[in-house]
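Because the structure is a prediction, the values reported are computed rather than measured. Residue numbers begin at 1 in each chain, while the letters A, B, ... track the order of the sequences.
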There are 2 protein chains.
Amino acid sequence: MPNSEKTEVIRGKAQEARPLDAFDRKILGELAQDAGLSYAELGSRVGLSAPAVHERVKRLRATGRIRGTVAMLDGPEMGKPFLAFVHVDSTGWGKTKELLAISELPEVEEIHSVAGDACMLLKVRCASSRSLEGLLARLYALPCVKATRSYVVLSTFLERTPQAGITEALEETMNPLDTATE
Amino acid sequence: MPNSEKTEVIRGKAQEARPLDAFDRKILGELAQDAGLSYAELGSRVGLSAPAVHERVKRLRATGRIRGTVAMLDGPEMGKPFLAFVHVDSTGWGKTKELLAISELPEVEEIHSVAGDACMLLKVRCASSRSLEGLLARLYALPCVKATRSYVVLSTFLERTPQAGITEALEETMNPLDTATE
DNA sequence: CATGAAAGTAAGCAGAA
DNA sequence: TTCTGCTTACTTTCATG
């Protein structure tokens, strides 16, 4: 069927607008916990046939809802028992080039720019306090870095990837201004 | 083979002690980026046969180096564009029961206890500033919570799961005390 | 290397716009 | 009717002993 590609192109990003239905949420919920499930098993859990669920997963991947499937490695087992969050006060504005350099380090897992009294926030996992020191040294070597504050993790109670669910109850407000408008 | 189990038991956690070799690191590096690879493809990338690489992956899973394989979901696409890190000052000590309650919320992705001027550090991803407020309200409802500081993420430059690599160069020290002993 | 299971494809059908 | 999406049946690839 030579026309199928064309159809995709014509529809363009229309599929991105399609909201998630209950089936999609259940599928995503399962896959966020275990992406190793067979389509048959996944289908029986959400109440769909294997090809149907396969089709939906393909769509969820294509539209970017699923960014990929990865193996979750264990930090300590990998020889990196030191987890820390580093707040970075910087002058000037987050030069992409400088960030590129440190994002290459396998020790650096997250880099965010944040509002609040810090400009950048890093999540780093490394072998020892020594290597954390080495990483901070690299940071201070950057001209824009003014100060850092490190929060060393003592123990981790929960650590997971983004979940599909939304807690509607959190939208409740205690603000009298809002109740007035409602 | 009825004796294989026995051997395993006798060796006990000996397999955990087995250090990662270069092949293991390469395998883990690939799987941390894409766990959807076939064993054949994985084998050709690291220079091993498919069954060989399969055996290694099985061992890496059994010994806990690989904690599981999950689908990475896109926060904004899931209707949760608000990412924030919340520092919690608490009195008394991290009652597990109370943590259990908030770790059930799909908005909460990480809970750590940290050294530094905060006691707990949360990573939360939610639908709106309103729901972040709702989550803070739940936190303050806990008797041990004294204060919170929230760092709202403006943009994310890097976000990934633990990596296999270790940067040896980070172990370099600038401390004269250490160079003296060496 | 061989077997069996699972992924992926194609064709047909039912329900909703 | 036309379109979207589920199901059954089939092919092919891959995991696994």
Side-chain angles (χ1 to χ4, degrees), chain A residues 1-73 164, chain B residues 1-9 11 15 18 21 23-24 26-73 77-79:
Chain A
M1 66 285 302
N3 280 351
S4 64
E5 289 179 2
K6 197 176 171 191
T7 309
E8 300 257 359
V9 171
I10 290 173
R11 286 219 199 94
K13 304 237 164 212
Q15 38 188 356
E16 288 190 10
R18 187 199 320 254
L20 297 170
D21 66 8
F23 282 131
D24 289 326
R25 294 228 172 250
K26 288 178 82 172
I27 290 172
L28 291 170
E30 294 291 339
L31 289 184
Q33 289 184 312
D34 184 2
L37 293 173
S38 75
Y39 287 119
E41 171 65 21
L42 188 53
S44 77
R45 290 196 191 183
V46 305
L48 249 46
S49 75
V53 83
H54 176 241
E55 188 62 28
R56 280 175 181 266
V57 171
K58 229 167 54 180
R59 230 179 41 213
L60 291 169
R61 293 186 137 282
T63 55
R65 264 87 175 232
I66 298 178
R67 283 170 27 186
T69 81
V70 302
M72 289 288 289
L73 307 187
Chain B
M1 65 280 301
N3 280 351
S4 66
E5 289 179 2
K6 197 175 169 190
T7 309
E8 301 258 0
V9 172
R11 287 220 199 95
Q15 39 188 357
R18 188 197 322 249
D21 66 10
F23 283 130
D24 288 326
K26 287 179 82 171
I27 291 171
L28 291 169
E30 295 291 337
L31 290 183
Q33 289 184 313
D34 183 2
L37 292 174
S38 75
Y39 287 119
E41 172 65 20
L42 187 53
S44 78
R45 290 197 191 183
V46 305
L48 249 43
S49 76
V53 83
H54 176 244
E55 189 61 30
R56 280 174 182 265
V57 171
K58 229 167 52 180
R59 228 179 45 213
L60 292 168
R61 292 186 137 279
T63 55
R65 263 87 175 232
I66 298 178
R67 281 169 31 186
T69 79
V70 302
M72 290 290 288
L73 307 186
E77 283 291 337
M78 299 305 305

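Side chains of Ile66(B) and Leu73(A) form a contact here, defined as non-hydrogen atoms less than 4.5 Å apart. A heavy-atom distance below 4.5 Å is not found between the side chains of Thr69(B) and Thr69(A).
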*Just do the side chain to side chain contact (heavy atoms under 4.5 Å, CB included) check on Leu42(A) and Leu48(A) with the steps written out, would you?*
CA-CA 8 Å; Leu42(A) 188 53; Leu48(A) 249 46; over 6 Å; no
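Here the straight-line distance linking atom OG of Ser38(B) with atom NE2 of His54(B) works out to 12.0 Å at 0.5 Å rounding. Separating the CZ atom in Arg61(B) from the CG atom in Leu31(B) is a distance of 9.0 Å, to the nearest 0.5 Å. Taken from CE in Met78(B) to CG in Leu60(A), the straight-line distance is 8.5 Å, to the nearest 0.5 Å.
Between the NE2 atom of His54(A) and the C1' atom of dT9(C) there is a distance of 9 Å, rounded to whole Å.
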Between protein and nucleic acid, restricted to nucleotides 5-9 of chain D and to nitrogen or oxygen atoms under 3.5 Å apart, what atom pairs and distances do you find?
| unit_1 | atom_1 | unit_2 | atom_2 | d |
| --- | --- | --- | --- | --- |
| dG5(D) | OP1 | Arg18(A) | NH1 | 2.4 |
| dC6(D) | OP1 | Arg56(A) | NE | 3.0 |
| dC6(D) | OP1 | Arg56(A) | NH2 | 2.6 |
| dT7(D) | OP2 | Ser49(A) | N | 2.7 |
| dT7(D) | OP2 | Ser49(A) | OG | 2.7 |

Report all interatomic pairs (protein N or O, nucleotide N or O of nucleotides 15-17 of chain C) with separations under 3.5 Å.
none

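Residues passing the side chain to side chain contact (heavy atoms under 4.5 Å, CB included) test with Ala50(A) are Tyr39(A), sequence neighbours excluded. Looking at residues two or more places apart in sequence or on another chain, you find a side-chain hydrogen bond (donor to acceptor under 3.5 Å, both in side chains) between Arg45(A) and Glu30(A), Glu41(A).
Of the residues in residues 31-39 of chain B, those lying under 4.0 Å from DNA chain D by heavy-atom distance are Ser38(B), Tyr39(B).
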Show me the donor-acceptor pairs, under 3.5 Å and distance only, between side chains in residues 20-28 of chain A and residues at least two apart or in other chains.
| unit_1 | atom_1 | unit_2 | atom_2 | d |
| --- | --- | --- | --- | --- |
| Asp21(A) | OD1 | Phe23(A) | N | 3.1 |
| Asp21(A) | OD1 | Asp24(A) | N | 2.8 |
| Asp21(A) | OD1 | Arg56(A) | NH1 | 3.1 |
| Asp21(A) | OD2 | Arg56(A) | NH1 | 3.0 |
| Asp21(A) | OD2 | Arg56(A) | NH2 | 3.1 |
| Asp24(A) | OD1 | Arg56(A) | NH1 | 3.0 |
| Asp24(A) | OD2 | Asp21(A) | N | 3.4 |
| Arg25(A) | NH1 | Ala164(A) | O | 2.7 |

